[in-house]
Amino acid sequence: MSKPRILVARSVFPETIARLQQHFEVESNQDDRGWSKAELIVRLKDKQGAFTTGSERIDAEVLAACPELKICANMAVGYNNFDVDAMTAHGVLATNAPDVLTETTADFGFALLMATARRITESEHFLRAGKWEKWSYDMFAGAEVYGSTLGIIGMGRIGQGIARRGALGFGMKVIYHNRSRLDAALEAECKARYVGKEELLKTADHIVLVVPYSPASHHTIGAAELALMKPTATLVNIARGGIVDDAALAAALRDRRIAAAGLDVFEGEPKVHPDLLTVPNVVLTPHIASATIPTRRAMADLAADNLIGFLVHGKPLTPLNPAVLGGK
Ligand code: GLV
């Protein structure tokens, strides 16, 4: 019997490709060339499976052009690159890569919070530019972290990891806002108190965004929300571009309406709003929150396990639209 055909849409560990080749005919993009949607379709139209990252948009147009497709396995926990409703309508299974990146991503969220509050990259640029001539009592004075109030918007697994770090490691008072409230035991374990979004914006010293992107969460933070924040507060976005209105944020940073921001994700990335590149009080990183080699291996393994699990054994590990199982 011939092997199912799959497309690996971005460069990935050679070991992952070798493992997939044991089960599938694999076409892969190991050169990591950027494909247009038309190029993606040309490669995907005779495939039964796709190994995707957050960069490949799988929508109704792609699905209509790829009638043999049965599964798209994302090497990412976020899956806003998938039109899951359209996938379900076409009988295509969607899977993501949850859990394996939770602690690594929470570490990074906390690192970005610390770098932002304590002005680490701003002061490093100053030093590298040869501007450090003398010590002064208020040089790069930042915001207090230990004992301050941490506000988390989006209290899934990663948000909970950040809450634990803040409460247990840094003596922070943790407040959170989420679509639904955690159960009492989990709230107690995370030492987190549920509040409304407005109270969180008004009272937190540091705000971390970990909410998934959807049309409903588009611009969760815009000019109106920034205006509610304390002028001494910091904002960290490790969620997705589009959760923050980047133009409004750049204006708030420029006018010092908030103290600083740390951003790992951007609207329209890899492009970055030009105004963010000109304000000093922002720490910018290129969407690397889950980027450690062990974690990226675990994410790649889980995406591969989903493809093998479904196309070979009929049992995916982390289906997002299980309604299609047994369908196509
Ligand atoms: C990264 O952004 C992910 O969703 O895994």
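Note that ligands are numbered from 1 as they come in the structure, with each ligand's atoms numbered from 1 the same way. Because the structure is a prediction, the values reported are computed rather than measured.
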Worksheet item: Are the side chain of Asn80 and the backbone of Ser214 linked by a donor-acceptor contact shorter than 3.5 Å?
Response: no

Fill in: N or O contact, Ala239 vs ligand 1, cut-off under 3.5 Å
no

Item to complete: Please determine if His287 has a nitrogen or oxygen closer than 3.5 Å to a nitrogen or oxygen of ligand 1.
Response: yes

Worksheet item: Ion pair present between Glu25 and Lys47, side-chain N to carboxylate O less than 4.0 angstrom?
Response: no

Worksheet, complete the sentence: Atoms of ligand 1 under 4.0 Å from any heavy atom of Leu101, numbered from 1 in the order shown, are 5 (O)

Practice prompt. Identify, by atom number and element, the atoms of ligand 1 in contact range of Ala76, meaning under 4.0 Å from any of its heavy atoms.
Written response: 3 (C), 4 (O), 5 (O)

Worksheet item: Met75: heavy atom below 4.0 Å from ligand 1, yes or no?
Response: no

Item to complete: Fit a plane to each ring of Tyr213 and His218, take the angle between them on a 0 to 90° scale, and name the class: parallel (under 30°), tilted (30 to 60°) or perpendicular (over 60°).
Response: perpendicular

Worksheet item: Just how far is it from atom CD of Glu68 to atom NZ of Lys45, taken to the nearest 0.5 Å?
Response: 11.0 Å

Worksheet item: Out of curiosity, Leu127 CG to Phe140 CZ, how far, rounded to the nearest 0.5 Å?
Response: 9.0 Å

Fill in: atom 5 (O) of ligand 1 - nearest protein heavy atom and its distance
Val77 N, 2.8 Å

